[in-house]
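Structure first, then comments.
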Amino acid sequence: MSGILSFPSIVLPDWCSTSSCRRGVRMAAAHTTHAGLSLEAMAIKPPSHPTYDLNGIVKLALAEDAGNRGDVTCMATIPVDMEVEACFLAKEDGIIAGIALAEMVFQEVDPSLKVEWSREDGDYVCKGLQFGKVYGRAHSIVVAERIALNFMQRMSGIATLTKAMADAAYPAYILETRKTAPGLRLVDKWAVLIGGGRNHRLGLFDMVLIKDNHISIAGGISNALRSVDQYLERENLQMEVEVETRTLVEVKEVLQYSSQMKTSLTRIMLDNMVIPLPNGDVDMSMLKEAVELINGKFETEASGNVTLKTVHKIGQTGVTYISSGALTHSVTALDISLKIDTGLALEVGRRTKRT
């Protein structure tokens with residue numbers, strides 16, 4: 001086997017070593033592992049799902065890329081026995097996520113690859129930071145590169161937005177929704193956890209969520225709640241139950257039902273009670289009144305018109321949770337690259353102002 005090709009390490013810009021860049025960062029001791037889902041790399045574990053096959057998602061992504069021939073460019077240009085070192089480079093500030101999943105990709109492509117990280121999932125990275133390396137067969141690294149980065153960039157974008165929303169929402173907790181990329185439900189929700197958010201229901205199976213269409217079909221909120229209570233008792237099931245309300249009249253109806261009947265209800269969703277104003281501000285009075293009516297009898301969840309601009313005000317109303325579909329359905333990927341010639345990559349990055 002040929003020796004490992006080594007390229008110059010990236011010299012970080014002066015500002016990236018300042019206290020402002022490091023503030024709030026949980027520094028991870030550098031560690032090297034054979035590529036794979038190691039406990040050491042899993043700073044935050046994925047949510048538990050009874051049927052989701054995370055390894056299967058990795059295999060599907062690689063198979064989609066390889067097609068029926070594999071990487072013809074690698075086979076044409078890279079000697080089969082060449083070994084190299086490639087470096088992960090952050091091209092913008094954000095929360096890194098997907099390190100553990102990237103290791104799964106490398107493990108699937110070539111278990112002999114070794115990965116070293118100076119950060120872990122949930123850490124802050126600044127623009128220009130080299131935060132990891134992978135060593136081994138050049139062919140294997142290049143084949144795994146795009147799939148590993150696709151997962152990391154998407155997850156890091158979700159984690160970065162989640163972190164900003166979670167900080168602004170305090171003391172309320174920020175939740176995502178089921179508005180995730182098809183097939184990537186667990187990956188997207190894992191990224192939310194890494195960013196400091198909490199998970200809403202994983203799917204249709206782990207929580208009863210009575211929404212507007214259920215209510216319409218059942219003939220009203222009370223009928224829907226009664227049907228759920230009867231179903232859970234009949235099936236001997238215990239799980240959280242949430243009901244969506246859109247008006248104060250509906251909130252009062254839920255409270256009246258719960259005062260007269262034994263119910264499994266645990267949470268009331270207050271949907272679209274944040275009212276946009278013509279001047280760009282929002283009116284919180286309806287949401288505040290709903291929270292006061294509920295008065296701690298149930299958990300509360302605000303949804304609708306949740307943005308980085310509004311989430312702080314919503315969090316001050318006393319709601320328990322704030323849910324935002326935008327965390328996963330409108331994510332902007334964090335720009336990350338994996339470079340073998342890091343010196344040239346930095347030169348190009350400076351020219352394009354991306355590092």
Side-chain angles (χ1 to χ4, degrees), residues 1-10 31-38 41 53-92 96-119 125 128-157 181 183-184 187 333-352 354-355:
M1 299 283 283
S2 62
I4 293 180
L5 299 181
S6 182
F7 296 93
S9 297
I10 293 175
H31 60 274
T32 304
T33 65
H34 284 283
L37 189 59
S38 67
D53 181 5
L54 200 53
N55 284 298
I57 293 299
V58 169
K59 291 178 181 179
L60 181 63
L62 289 167
E64 176 183 64
D65 220 19
N68 63 344
R69 290 185 182 273
D71 189 337
V72 292
T73 311
C74 273
M75 289 186 281
T77 62
I78 300 176
V80 68
D81 61 344
M82 178 175 286
E83 294 190 350
V84 297
E85 169 190 297
C87 298
F88 289 93
L89 177 67
K91 292 187 173 181
E92 56 185 322
I96 196 68
I99 284 176
L101 192 52
E103 287 201 13
M104 291 179 66
V105 175
F106 290 122
Q107 166 72 22
E108 183 62 31
V109 172
D110 185 349
S112 72
L113 295 176
K114 295 181 180 180
V115 188
E116 178 183 294
W117 305 102
S118 61
R119 296 294 186 275
V125 294
L129 180 67
Q130 178 183 300
F131 63 89
K133 296 179 182 179
V134 58
Y135 309 85
R137 291 180 62 233
H139 188 122
S140 299
I141 291 172
V142 175
V143 166
E145 171 193 357
R146 176 43 51 199
I147 302 305
L149 287 176
N150 283 351
F151 282 131
M152 291 182 73
Q153 289 179 300
R154 178 176 176 84
M155 290 183 71
S156 297
L184 295 181
V187 173
L334 194 73
D335 197 359
I336 302 167
S337 64
L338 179 64
K339 295 296 182 183
I340 294 174
D341 189 344
T342 52
L344 179 58
L346 183 59
E347 179 184 332
V348 172
R350 284 172 174 161
R351 186 174 71 230
T352 58
R354 294 175 71 195
T355 50

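All heavy atoms count here, side chains included; hydrogens, waters and symmetry mates do not. Small disclaimer: the values here were computed from a predicted structure and weren't measured.
Salt-bridge annotation for Glu83 and Arg137: absent, with no side-chain N of the basic residue lying under 4.0 Å from a carboxylate O of the acidic one.
Contact check for Phe88 versus Ile99: no side-chain heavy atoms found under the 4.5 Å cut-off. Counting only heavy atoms from C-beta outward, the side chains of Leu62 and Glu108 approach each other to under 4.5 Å.
Leu149 approaches Leu338 most closely through the heavy-atom pair CD1-N, 3.8 Å. Annotation for Ser140 and Val109: closest pair O-CG1, 3.5 Å, computed over non-hydrogen atoms. Among all heavy-atom pairs drawn from Ile141 and Phe106, the shortest one is O-CE2, 4.5 Å. In this structure, Ala333 and Arg154 approach most closely via the heavy-atom pair CB-N, 4.3 Å. Taking every heavy atom of both residues into account, Glu103 and Trp117 meet most closely at OE2-NE1, 2.7 Å. When all heavy atoms of Ile147 and Ala61 are compared, the pair lying nearest together is CD1-O, 3.5 Å.
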- Task: Would you please test Cys87 and Gln130 for side-chain contact (heavy atoms from CB on, under 4.5 Å) and show each step?
- Result: CA-CA 7 Å; Cys87 298; Gln130 178 183 300; 3.7 Å; yes

- Message: What verdict does the side-chain contact (heavy atoms from CB on, under 4.5 Å) test give for Leu89 and Phe131, after you've listed the backbone C-alpha separation in whole Å, the side-chain angles of each residue and the deciding distance to 0.1 Å?
- Response: CA-CA 6 Å; Leu89 177 67; Phe131 63 89; 5.9 Å; no

- Message: Run Ile96 and Met152 through side-chain contact (heavy atoms from CB on, under 4.5 Å) and show every step you take.
- Response: CA-CA 8 Å; Ile96 196 68; Met152 291 182 73; 4.2 Å; yes

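One finds the CD1 atom of Ile78 at 7.0 Å from the NE2 atom of His139 (value rounded to the nearest 0.5 Å). Atoms NZ and CD1, from Lys133 and Ile340 in turn, are 13.5 Å apart once rounded to the nearest 0.5 Å. To the nearest 0.5 Å, atoms OH (Tyr135) and CG (Leu113) are separated by 12.5 Å. Of the inter-residue distances, the one linking Lys59 atom NZ with Leu54 atom CG reads 11.5 Å to the nearest 0.5 angstrom. For the atom pair CD1 of Ile57 and CG of Leu101, the computed distance is 9.5 Å after rounding to the nearest 0.5 Å. To the nearest 0.5 Å, atom CD of residue Glu85 and atom NZ of residue Lys114 are 13.0 Å apart.
Residues passing the side chain to side chain contact (heavy atoms under 4.5 Å, CB included) test with Asn55, sequence neighbours excluded: Asp53, Met104.
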Result block: side-chain N/O donor-acceptor pairs under 3.5 angstrom for residues 66-73, not counting sequence neighbours:
| from | atom 1 | to | atom 2 | distance (Å) |
| --- | --- | --- | --- | --- |
| Asp71 | OD1 | Thr73 | N | 3.1 |
| Asp71 | OD1 | Cys74 | N | 3.0 |

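Side chain of Ser156 to backbone of Ala97: a donor-acceptor contact under 3.5 angstrom is found. The backbone N or O of Asp335 lies less than 3.5 Å from a partner atom in the side chain of Glu92, making a donor-acceptor pair.
Within the structure, side chain to side chain donor-acceptor pair (under 3.5 Å) pairs that include any residue of residues 142-153 comprise Arg146-Asn150, Arg146-Gln153 (at least two apart or interchain).
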